[in-house]
Amino acid sequence: MVKPTGWTQRAQTATQAVASGEDPTDHDQVWRDLKDGLAALLHDKCWYCESPVDRSDNAVDHFRPKNRVNDAANPHNGYRWLAFDDSNFRYACTYCNSRRKDVVSGTAGGKADRFPLLDEARRVYTAGSIALEQPLLLDPCEMSDWRLLGCHQENGQPCAAGTDPVTKKRAEASIEILHLHYEPTCKKRHAAAVQLMSDVDEGKRLFELVTNDPTRAFDFKTAAARLRRAIDRDSPYSGDMHFLLRGQRSDAHPWIQELLEV
Ligand SMILES: [Zn+2]
């Protein structure tokens with residue numbers, strides 16, 4: 001990501017001011033200045049729930065909270081030394097970022113100052129390396145964390161993708177804390193799933209046709225390209241669509257596995 005001119009210098013100055021006792025929020029312009037750049041990385045979708053985000057309803061989330069940490073065993077003043085470190089920034093919609101209740105479904109969520117760890121004993125309290133902390137929340141900036149979440153095809157409700165106890169625990173905690181089961185989000189995820197499954201059916205039908213009628217090859221390629229687009233990292237709900245497409249693999253349709261490997 002290209003940073004605005006002078007950004008690194010301003011981030012350093014703010015980091016020093018906070019180290020001397022100032023409130024990170026008094027320097028919020030520093031992270032706000034990266035918001036559009038972060039948004040552009042994944043085509044304006046929230047990095048957590050993968051919903052398309054209106055630019056007026058979004059935030060730069062600090063993956064490690066900057067002011068206080070709700071889940072810490074001892075009082076924690078926040079990972080203040082990372083308040084202006086762009087490796088700690090995640091682009092998020094306000095539903096994932098801020099605490100709120102959904103009265104219709106009776107669920108609540110929103111990350112706010114939550115940051116649980118797998119092993120609380122490794123919690124870092126003062127400026128220093130956080131390399132040994134193991135976040136419970138799935139991190140959109142980790143290479144493969146996104147693969148640990150999936151959704152139910154029939155209603156768009158999120159679920160853990162795997163059965164390993166630790167990854168399952170991380171997925172379930174993320175669903176809860178990030179409010180990924182927020183009903184309006186499930187509806188949108190479900191609509192994407194319906195489209196995907198219809199494209200899968202079309203792809204399978206055309207793949208079988210092409211075997212006898214090579215003139216249909218172009219139609220098949222077009223259908224396959226639509227599916228490829230749906231699992232592109234910058235498409236809405238691409239992680240969930242990847243999960244659903246993984247479930248469609250079969251010996252009769254090797255092209256699905258090929259799409260997943262691109
Ligand atoms: Zn979100």
Spacing of [atom1] belonging to [X] relative to [atom2] belonging to [Y], to within rounding of 0.5 Å:
| X | Y | atom1 | atom2 | result |
| --- | --- | --- | --- | --- |
| Cys186 | His181 | SG | NE2 | 8.0 Å |
| Leu41 | Cys141 | CG | SG | 9.0 Å |
| Leu206 | Phe218 | CG | CZ | 11.5 Å |
| Lys35 | Phe89 | NZ | CZ | 12.5 Å |
| Asp85 | Arg80 | CG | CZ | 16.0 Å |
| Arg226 | Leu259 | CZ | CG | 12.0 Å |

* Could you walk me through whether Lys66 and Leu82 pass side-chain contact (heavy atoms from CB on, under 4.5 Å), step by step? => CA-CA 7 Å; Lys66 61 193 178 301; Leu82 301 176; over 6 Å; no
Report yes if some heavy atom in the side chain of [X] is under 4.5 Å from a heavy atom in the side chain of [Y]; otherwise report no.
| X | Y | value |
| --- | --- | --- |
| His253 | Phe207 | yes |
| Pro24 | Asn67 | yes |
| Arg32 | Val60 | no |
| Glu183 | Val104 | no |
| Asp113 | Arg99 | no |
| Val69 | Tyr125 | no |
| Asn58 | Thr94 | no |
| Phe84 | Val18 | yes |

* Please check if any side-chain donor atom of Asp28 sits under 3.5 Å from a side-chain acceptor atom of Thr25, or the reverse. =>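 On atom types as modelled, these side chains do not qualify, holding no pair under 3.5 Å.
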* To do: State, without any angle test, whether Glu261 and Gln257 hold a side-chain donor-acceptor pair at a distance under 3.5 Å.
  =>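 Side chains of Glu261 and Gln257: pair found under 3.5 Å.
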Common cluster, [X]/[Y], ILVMFWY with side-chain heavy-atom separation under 4.5 Å:
| X | Y | value |
| --- | --- | --- |
| Ile256 | Tyr237 | yes |
| Met241 | Leu42 | no |
| Leu148 | Ile231 | no |
| Ile175 | Phe63 | yes |

* Should the heavy atoms of other residues, nucleotides or ligands under 6.0 Å from CE of Met1 be counted, would the total exceed 12? ->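 Yes.
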* Asked: Does a sphere of radius 6.0 Å around NZ in Lys221 hold more than 12 heavy atoms from other residues, nucleotides or ligands, not counting ones at 6.0 Å or beyond?
  ->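 No, the 6.0 Å shell around NZ holds no more than 12 heavy atoms from other groups.
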* To do: Scan for salt bridge (Lys or Arg N to Asp or Glu O under 4.0 Å) pairs involving residues 205-218, sequence neighbours excluded, and state none if there are none.
  =>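 As it turns out, the salt bridge (Lys or Arg N to Asp or Glu O under 4.0 Å) pairs with a partner in residues 205-218, which skip direct neighbours, are Glu202-Arg205, Arg216-Asp219.
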* **Ser235 and Asp232: CA distance, side-chain angles, deciding distance, side-chain hydrogen bond (donor to acceptor under 3.5 Å, both in side chains) verdict** => CA-CA 5 Å; Ser235 292; Asp232 254 0; 5.0 Å; no
Ignoring hydrogens and geometry, is there a side-chain-to-backbone donor-acceptor pair from [X] to [Y] under 3.5 Å?
| X | Y | value |
| --- | --- | --- |
| His179 | Gly110 | no |
| Lys111 | His62 | yes |
| Ser198 | Val194 | no |
| Tyr79 | Ile130 | no |
| Trp7 | Val30 | yes |
| Ser20 | Gln16 | yes |
| Asp71 | Phe115 | yes |
| Glu120 | Ala73 | yes |
| Lys168 | Ala161 | no |
| Arg189 | Leu180 | yes |

Atom of [X], atom of [Y] and distance for their closest heavy-atom approach:
| X | Y | value |
| --- | --- | --- |
| Ala223 | Gly203 | CB-CA, 4.2 Å |
| Cys93 | Val53 | CB-CG2, 3.9 Å |
| Cys49 | Cys96 | CB-SG, 3.5 Å |
| Arg233 | Lys45 | O-NZ, 2.6 Å |
| Ser129 | Val124 | O-CG2, 3.5 Å |
| Ala173 | Leu136 | CB-CD2, 3.6 Å |

* Pair listing, side chain to side chain donor-acceptor pair (under 3.5 Å) test, anchored in residues 141-150, at least two apart ->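 Qualifying pairs: Asp145-Arg170.
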* **Contacts of Arg90 that satisfy salt bridge (charged side-chain N to carboxylate O under 4.0 Å, His left out) - sequence neighbours left out** =>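 Expected list: Asp139.
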SB check [X] [Y] (cutoff 4.0 Å):
| X | Y | value |
| --- | --- | --- |
| Asp33 | Arg10 | yes |
| Asp119 | Arg122 | yes |
| Asp199 | Arg229 | no |

* Asked: Parallel, tilted or perpendicular for Trp81 and His76, by the 30°/60° rule?
  ->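 Judged by the thresholds at 30° and 60°, the geometry between Trp81 and His76 is parallel.
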* Evaluate the criterion side-chain contact (heavy atoms from CB on, under 4.5 Å) for residue pair Val210 and Thr215; output intermediate values, then yes/no. => CA-CA 7 Å; Val210 168; Thr215 65; over 6 Å; no
* With Asp61, which of Tyr48, Tyr91, Trp47 fulfils side chain to side chain donor-acceptor pair (under 3.5 Å)? ->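 Only one option passes, and that is Tyr48.
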* Would Tyr95 and Ser51 satisfy side-chain hydrogen bond (donor to acceptor under 3.5 Å, both in side chains), going step by step from the backbone distance to the final call? -> CA-CA 10 Å; Tyr95 292 93; Ser51 300; over 6 Å; no
* Could you check Ser105 against Asp102 for side-chain hydrogen bond (donor to acceptor under 3.5 Å, both in side chains), going step by step and ending with a plain yes or no? => CA-CA 6 Å; Ser105 68; Asp102 177 21; 2.7 Å; yes
* Among Val200, Leu260, Leu196, find the residue that satisfies the side chain to side chain contact (heavy atoms under 4.5 Å, CB included) test when tested with Gln248. =>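 Exactly one pass, corresponding to Val200.
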